[in-house]
Every structure is written in structure tokens, then in C-alpha cells.
**Q** 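Sharing a structure below in C-alpha cells format, with a few things to ask.
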Amino acid sequence: MAKRIYSFGGGTADGDKSLKHLLGGKGANLAEMSRIGVPVPPGFTITTEVCTEFYEKGRALPSELMGDVEKALSRLEEVVERKLGDSADPLLLSVRSGAPVSMPGMMDTILNLGLNSDTVKGLAEKSGNEFFVWDSYRRLIQMFSDVVLEVSHSKFEKALEEIKKSEGVKLDQEISVEGLKKLVTEYRSIVKDATGKDFPEDPRQQLKLAIEAVFRSWGNPRANAYRKINNIDIALGTAVNIQAMVFGNRGDTSATGVLFSRDPSTGKKGILGEYLVNAQGEDVVAGIRTPGPINELSTSAKSEGVSLEKWRPNLYKELSDLVVKLEKHYRDMQDIEFTIEDERLWLLQTRAGKRTAPAAIKIAVDLVEEKIADKNEVLKHLKPGDLDQLLHPVFDPKAERNVVAQGLPASPGAVFGKIVFTADEAERMAKEGEKVLLVRQETSPEDVHGMHAAQGVLTSRGGMTSHAAVVARGMGKCCVVGCSGIEVDSEKGIMKTSEGKTFSKEDIISLDGSTGEVLEGQVATVDPEIGDDFGRFMTWADEARKLKVRANADTPHDCEVARNFGAEGVGLCRTEHMFFDPERIDIVRQMILAENAEERKPHLEKILKMQKEDFVGILTAMHGLPVNIRLLDPPLHEFLPHGEEELEQLSRRISVPAEKLEKRVESLKEFNPMLGMRGCRLGITFPEIYEMQAHAIMQAACEVSEKRNEEVFPEIMVPLVSHPAEFNFVRKRISEIAESTLKEHPNANVNYMIGTMIELPRAALVAGEIAKEAQFFSFGTNDLTQTTFGLSRDDSARFLPDYVEQGILPKDPFASLDEGGVLELVQLGTERGRKTNANLKVGVCGEHGGDPDSIRHFHEAGLNYVSCSPFRVPIARLSAAQMAIE
Ligand code: PEP
Ligand code: MG
């Protein structure tokens with residue numbers, strides 16, 4: 001049987017950071033810290049494999065587990081020289097979840113385990129601090145009952161409030177020892193009433209129940225929801241970390257805190273964090289008491305009291321040295337939890353800190369400059385999709401700003417929306433297409449779905465490491481926290497500012513996540529400026545990647561945007577978009593409505609001139625780079641007028657009788673246009689249309705080449721081919737036109753290619769035959785997905801979400817490439833094509849070209865390039881780099 005438990009502490013460990021899959025992030029890092037001499041409370045980790053066993057056994061622990069736990073516990077008891085359940089000097093334990101992927105706040109934790117009516121007295125005597133011991137006990141009962149026994153949290157909250165009221169105090173720490181003892185009795189009777197049983201006294205039974213509860217929490221609804229949003233595999237499982245407790249609430253010489261080794265919002269160098277004297281565990285992140293700053297750098301308008309740096313300079317020094325050590329060791333920015341127990345510093349956790357995209361870029365560049373990490377490492381620090389944040393708008397500096405309150409800038413962005421006070425409301429209204437801002441006193445894991453649905457999040461309480469701040473930052477969502485100038489009453493559905501302004505549900509406000517300002521109404525936004533660091537970072541990505549990145553662009557403006565984002569060519573120019581121009585559409589319609597080629601000719605000549613100008617603009621914007629232009633693809637009826645009124649208007653404009661028009665429109669109608677006369681079928685039935693386009697492309701290329709005196713690289717692409725003979729038919733004509741145009745321009749230097757899209761399964765299957773005459777393939781994975789699944793891309797939104805919801809499909813296959821079927825066609829098509837044409841250039845131009853998960857597959861399939869929308873070009877560049885580095 002595989003090893004189920006890994007111990008750590010006292011300067012050694014069974015595991016290390018490479019065992020994340022088995023020990024979870026937290027467990028692996030505790031082991032690693034212990035190995036490198038960082039003071040961590042000793043303990044042991046139960047592996048994620050046991051979690052898998054737990055679920056395989058229908059949510060039951062494997063029978064041998066508690067025997068193994070007993071052995072690890074004995075070792076722990078030896079290291080700390082205290083025993084679990086010892087009534088004179090008891091060892092207390094923390095039991096925490098820890099998955100291989102960080103899921104902040106999603107699963108359960110139990111602290112102070114091992115207290116009972118016996119040990120509580122012993123510990124009180126031993127520590128000489130009765131308040132601390134009884135407070136720890138009541139917290140254990142509360143936490144344990146909530147997590148393990150599933151007794152409602154609110155019952156305990158009510159009892160706590162009542163005690164405070166009866167003693168006339170406000171804060172938990174002000175309750176008397178007698179009050180706490182009464183509270184414990186009260187809590188125990190709440191448990192008895194709710195469960196019919198006494199609160200478990202036996203520490204070993206507490207431990208077993210707690211381990212089970214942590215494993216159970218891996219499958220709780222909020223963890224499931226979080227995994228779904230973040231694409232985390234349920235099969236990973238969670239580990240359970242059991243550690244000797246250290247207490248930050250042992251009086252005024254104890255404290256607890258959290259920090260980032262660099263600013264997670266901006267990336268600025270220096271430790272940023274918060275701490276609370278005489279506090280335990282989650283008090284700092286829960287946002288109930290406002291913490292003090294770690295150092296001067298962390299001092300903001302919102303933090304209260306003296307900094308840790310001033311309060312205990314020696315401990316601050318020890319802590320900051322450890323921070324430097326950990327950053328160097330892990331070669332990345334760290335997010336660290338620590339506790340000071342009676343003047344002694346312990347680190348409870350370290351992990352790579354979540355950060356905003358701007359911070360990630362700055363930190364990456366700084367880490368390389370400081371020689372802490374190398375380029376290829378830091379390229380992995382940023383999820384490609386997060387680059388979106390850098391390309392998002394910010395508030396127009398010139399716009400009027402009516403600031404109504406000021407909070408902490410937890411996660412950047414500039415958003416506006418209607419105020420909502422609950423997560424469910426946020427989700428519901430967002431589904432109806434509304435932009436909403438979720439406004440809460442503080443958020444909890446139950447609010448995650450609402451945060452996801454909202455444009456931004458505003459809380460009146462909590463600090464930079466509060467739940468709202470951490471989760472929103474991870475989502476790349478604009479967030480302002482700790483905005484004490486507002487009072488939030490979610491029951492009445494109002495938010496009041498200290499100046500007396502009242503906002504109700506659905507009033508519009510704006511949030512500035514970079515300054516922490518709350519603004520009245522909707523403030524105008526502008527596009528962000530991209531700094532030098534971004535350029536450097538992306539250059540490193542370009543050095544690392546093998547896959548080229550092009551853009552799908554149909555206009556000179558889009559081409560310029562794409563080029564600025566680093567596109568190395570156009571992977572798809574959809575010519576039909578040019579036909580819809582209001583000045584042209586009637587000519588296009590006349591061309592389509594013409595009864596025969598002769599009648600069509602004058603209209604085509606007009607379109608030829610326009611198309612040529614389009615291509616001159618595009619080829620000029622992309623000079624020096626390849627430009628893939630696709631011949632007309634959609635069914636012709638798409639260009640025709642719909643309805644009687646439009647038809648009559650057109651009839652008047654082009655002086656053709658309405659009945660005649662109607663008849664022609666009728667004759668072009670198709671039952672299933674997506675599978676009808678579109679793509680190369682048009683070019684076969686109406687060869688003159690493709691000939692006109694080929695002409696326009698080649699004339700434009702020659703003109704640009706002559707004018708710029710440089711080589712031009714047009715690629716002429718035939719859509720929707722399924723049979724090699726279709727392609728050959730069209731190719732022959734285009735190539736004749738190309739050659740004759742070149743003859744007319746002896747000074748032009750045009751290096752053209754003719755190729756095809758592979759967007760039908762048959763084309764992928766016969767790719768070997770097609771490639772004999774095609775110079776390139778471009779996988780149109782939109783249509784290829786549609787035709788492989790037999791799933792209409794225009795109608796699938798009605799039922800695909802159910803498929804994903806029910807787990808029938810892991811993801812929407814139109815957004816992320818289907819690994820089972822469509823990917824295989826891409827691989828097979830590429831292989832077969834290259835077999836008969838070793839020089840075949842292969843790309844992809846479907847939406848999947850900008851999706852990081854799909855890019856992984858395209859890289860592995862050995863494609864030459866991906867093509868995506870201009871704004872996704874940086875995302876694709878980084879994804880391709882990460883794939884190459886992997
Ligand atoms: C495709 O089918 O993947 C493609 C790029 O073409 P379109 O989306 O224009 O059909
Ligand atoms: Mg297509």
C-alpha cells in the first residue's frame with residue numbers, strides 16, 4: 001500500500017515541494033519549509049490519494065488510516081513533547097484542507113482540536129491565561145459544530161451576541177472568563193439540542209471526525225462551484241494537514257498575520273501585509289476586525305494602529321529575512337501566513353501569491369532583473385487569459401469623478417453597474433444581461449458565484465487580504481474593500497455614505513479598483529496604456545515559443561491593432577464582411593440577383609475595384625507579413641433583403657420589379673444554408689465570383705509591392721472544401737488568374753500561395769490528396785466542430801450549457817477544442833497532409849486559435865501558427881510560449 005501519511009517539522013520532512021499532487025500545495029510547502037529550516041509547527045499530511053479512497057468507499061475513511069494517524073501522532077508528540085488529550089499539558093491540533101491547486105476559503109478548517117472539559121482546565125493552568133483557553137474552547141465547539149456536526153453557525157453567533165450584550169461589551173476579546181465559561185455551556189447545549197448527542201469529548205474521536213469532514217468538504221457545493229469556474233479537476237482530491245497548534249491569541253505578546261512578499265496589486269517591491277495582536281487563524285482574513293499594517297509600506301488610510309515593524313522590530317526582521325529566503329527558494333512572489341506565539345515566530349503557510357496581471361508583469365520583470373528567477377520561469381507566472389486585464393479599459397482621466405467613498409484598491413479595473421446586495425441577485429441580473437456590482441459588508445465563499453457574475457465587488461469591511469480581495473484578484477475582477485465610509489444594509493437594500501447619501505438597489509455606481517474610489521453614476525472609460533515591462537515580458541515569450549501567432553482581421557484598422565499586439569500576419573481575412581458595407585450591399589445584391597454570368601459581369605467589375613482597394617489597405621497595413629484572404633464563404637441569401645419592406649425598398653433603389661426580385665430571392669432560399677450552397681460550392685457554381693476576388697487580391701498585391709518596393713505575401717484560401725476535386729477545380733482558375741496578373745506586373749514581387757480551409761471531416765480524412773495541390777491548410781475549427789458533432793453553431797447555446805452542466809461535455813466545444821474528436825481530425829489532417837506535401841504550411845483560424853487550452857493541442861499537433869482575434873494575440877503568444885517551455 002502506498003504511503004498515506006507524510007510527517008514534517010523539527011527541521012526535517014518526509015516530503016518536499018515536488019509532491020504537490022500528493023500532499024496538496026499547503027502540505028508540500030510545509031514539508032519544504034521544514035526542510036530548509038523555516039520554523040513551521042510540526043505535523044503530518046494525509047495524502048490526496050486517501051481522499052480518492054474516501055470517495056471510492058462512499059465517503060468513508062480507509063480502515064487502516066487511523067492506525068497510520070496514530071503512528072504519525074506519536075512522532076509529533078515526541079517532537080513537541082506534549083500529548084493529545086493529556087489533561088496536564090495537552091497538545092492541540094489544527095486540521096486543514098489543502099488541495100494541489102489553491103482554492104482559498106472553499107474547504108473546511110478546524111482549530112484547537114483536542115480541547116475538552118478535562119484538557120481545558122489543564123491548559124488553563126499550564127498557560128496561566130484562562131481567557132485564551134476558554135476562548136479557544138468555545139471557538140473549537142463553534143467551528144467543529146459548523147463543519148463536522150453541521151449545526152447552524154447562526155445559533156452560536158446568537159449566543160455570542162447575547163453574552164456580549166449581557167456583559168455590556170462590544171468585542172469578543174472583552175468578554176469575561178466567566179462569560180466564556182457560560183458560553184461554552186451554552187454552546188454544548190446547542191450541540192446537544194441540534195444533534196441529540198454530546199459534543200465529542202475524546203480528542204481522538206474529534207480528530208477522526210475532523211479528517212472525515214475535511215475530505216467531505218472537497219465535495220461540498222461551494223468547492224464544486226469554485227472548481228467549475230476555475231476548471232479544476234475533481235479527481236485531484238484534497239490532502240489533510242494536521243499540525244500542532246500555535247496560538248496568535250495567547251495574549252498581548254502573540255499575534256497572527258498574512259503578507260505578500262511584493263504588492264499583489266501593482267507588483268511594487270517590498271513586503272505588504274497585515275497583522276492582528278491577540279488573534280487567531282482566520283480573524284485577519286475574515287475582515288471582522290481591521291488589522292494593523294506589517295510595515296510602513298503597508299500603511300494605508302484604512303489600517304489602524306502601530307505596525308509590526310514598530311511593535312516588534314526583532315520579529316519583523318526575522319520575518320522579513322524569512323520572506324526573502326522563501327522568495328529566493330521558490331523563485332516567485334509568496335503569500336505567507338504567520339503566527340507569533342509568545343514572542344516566537346512561526347510560519348503556517350507559503351504559496352505563490354495570486355496577483356493581478358499588471359503586478360504579474362512587473363514582478364516577472366523584477367525577478368529576472370534581481371536574478372531570482374529566469375525568463376522561462378517567470379513566463380509561467382501569468383495565466384495567459386489574465387493578460388486580458390492589461391487590455392481592459394480604465395476610467396478616462398478627463399471624465400468627471402464624483403467620489404462618494406474611498407476604500408482599499410484590492411484589484412484593478414474600472415467598472416460601473418447597478419448595485420446588488422446578494423450574490424444570487426448578482427447572478428440573476430447578470431443572466432438577464434445587466435451589468436451589476438456586488439456590494440456587501442464582506443464576502444464569504446458562498447458569494448463566489450455572485451462575484452463571478454458581477455462586474456466588480458465593493459465591501460465595507462476587510463483588508464487587502466480579505467476574502468473579497470483575494471478572490472476578486474484571482475478572478476481578475478475589479479474590487480474595492482474596507483470601504484468604511486459606507487454602511488451596507490443588505491436587508492433594507494440600501495447603502496449609505498458617511499456624508500449621508502443613500503443608494504438603493506439598482507442605482508448605478510462606478511468602482512476604480514486601482515485607487516479604491518467609489519464613484520456616483522457611470523464614469524467614462526478609456527483604453528489602457530501598455531508599459532515597457534509588458535513589451536519586455538512579451539519579447540521573452542516570443543523568444544520561447546515555436547508556434548507563430550496571427551490575427552483574424554478584416555480591415556486595415558484591425559490589422560494595425562493586431563500588428564501592435566504582435567501578430568505575425570493575418571490568418572483569416574473574411575472577405576464577406578466587406579460586402580456588407582452600406583455603400584456596396586446593393587451592388588453585391590445586384591451581382592447575386594443577376595440571372596446569368598453575362599448579366600453579373602458589370603456588377604462584378606464594380607465590386608472588383610472596391611475589393612482591390614480593401615486588399616491594398618490590408619496588405620499595406622501588414623506589409624512584410626503573410627496575409628491569408630479567404631474567398632467568399634457564406635450562402636448568398638445572407639446578403640439578400642429580408643421581408644417585404646426591405647425588398648420593396650431595394651426594388652425602388654435598383655429599379656428591378658419587386659416580383660422579379662422576390663422570385664429570385666425565393667429561388668436562392670435553402671432549407672439548411674449552413675450545409676447548402678456556401679464556401680467553394682459558390683465558387684464552382686459561380687466561378688466568376690471567385691475569379692473576381694482572385695483578381696482583386698493579385699492586383700492589390702502587385703500594386704502594394706510596386707509601391708513599397710518590397711515582397712508581398714498573399715495567401716488565397718478556398719473555404720469549405722470536402723473533396724480534392726473541388727479544390728483542384730477552383731485552384732486551377734485562381735492560379736491562371738494569378739499568373740496572368742503577375743505577367744502584367746513584371747516589377748511586382750508577389751510570393752503568393754493557394755490553399756484551403758479544413759473545416760469538414762471529409763477534408764481532414766482526404767487531406768493527403770488535397771495537400772498534393774494545396775500549399776497550405778487552415779483548420780476552420782468552428783465549422784469543423786459544427787460538422788464533426790453535427791451540432792449547429794448558431795443554435796447550440798440552447799442546449800450546450802446543459803451538456804456542460806450535466807458533465808456530458810467538459811467544456812463548450814466551440815470555445816475550447818474537443819479533445820476526443822475534433823482534435824483527432826486536426827492531428828490526422830495535419831499528418832496526412834504533410835505526408836504528401838512536406839512543405840505544407842498548417843494553421844488554425846477558428847475561435848480556438850485564441851484559447852489557451854486549445855493552443856496546447858495545436859502546439860502538440862505541430863501546427864505552424866494559430867490565428868485569433870487581435871485582442872487575444874498576446875494571450876496566444878504567451879500560451880504558445882508556455883507550451884514550448886513545458
Ligand atoms: C471556421 O469555420 O472555423 C472559420 C474560421 O470560418 P467561419 O467562422 O467564418 O465559418
Ligand atoms: Mg468556417
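What's counted below: heavy atoms across the whole structure, side chains too, no hydrogens, waters or symmetry copies. Index from 1, following the sequence. Both counts, for ligands and for their atoms, begin at 1 and track the order of listing.
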**Q** Do you see a donor-acceptor pair shorter than 3.5 Å between the side chains of Glu670 and His637?
**A**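 Absent: no donor and acceptor within the cut-off.
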**Q** When you check the gap from the basic side-chain N to the acidic O, do Arg832 and Glu769 get nearer than 4.0 Å?
**A**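 A salt bridge is absent here (no side-chain N lies under 4.0 Å from a carboxylate O).
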**Q** So what's ligand 1 close to, N/O to N/O, under 3.5 Å?
**A**
| from | atom 1 | to | atom 2 | distance (Å) |
| --- | --- | --- | --- | --- |
| ligand 1 | 2 (O) | Glu759 | OE1 | 3.0 |
| ligand 1 | 2 (O) | Asp783 | N | 2.9 |
| ligand 1 | 2 (O) | Asp783 | OD2 | 3.0 |
| ligand 1 | 3 (O) | Gly780 | O | 3.3 |
| ligand 1 | 3 (O) | Thr781 | N | 3.0 |
| ligand 1 | 3 (O) | Asn782 | N | 2.7 |
| ligand 1 | 3 (O) | Asn782 | ND2 | 3.3 |
| ligand 1 | 6 (O) | Arg630 | NH1 | 3.0 |
| ligand 1 | 8 (O) | Arg574 | NH2 | 2.8 |
| ligand 1 | 8 (O) | Asn782 | ND2 | 2.9 |
| ligand 1 | 8 (O) | Arg793 | NH2 | 2.7 |
| ligand 1 | 9 (O) | Arg574 | NE | 2.8 |
| ligand 1 | 9 (O) | Arg574 | NH2 | 3.2 |
| ligand 1 | 9 (O) | Arg630 | NH1 | 3.0 |
| ligand 1 | 9 (O) | Arg630 | NH2 | 2.9 |
| ligand 1 | 10 (O) | Asp783 | OD2 | 3.0 |
| ligand 1 | 10 (O) | Arg793 | NH1 | 2.9 |

**Q** State, to the nearest 10 degrees, the angle whose vertex is the Mg ion (ligand 2) and whose arms point to OE1 of Glu759 and OD2 of Asp783.
**A** 90°
**Q** Any salt bridge between Arg793 and Asp783, counting N to O under 4.0 Å?
**A** yes
**Q** Decide yes or no for Met610 and Ile587: does some side-chain heavy atom of the first lie under 4.5 Å from some side-chain heavy atom of the second?
**A** yes
**Q** Is the closest basic N to carboxylate O distance between Asp633 and Arg574 below 4.0 Å?
**A**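 Salt bridge between Asp633 and Arg574, a charged N being under 4.0 Å from a carboxylate O: no.
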**Q** Identify the residue among Glu739, Gln775, Glu715 that makes a side chain to side chain donor-acceptor pair (under 3.5 Å) with Tyr752.
**A** Glu739
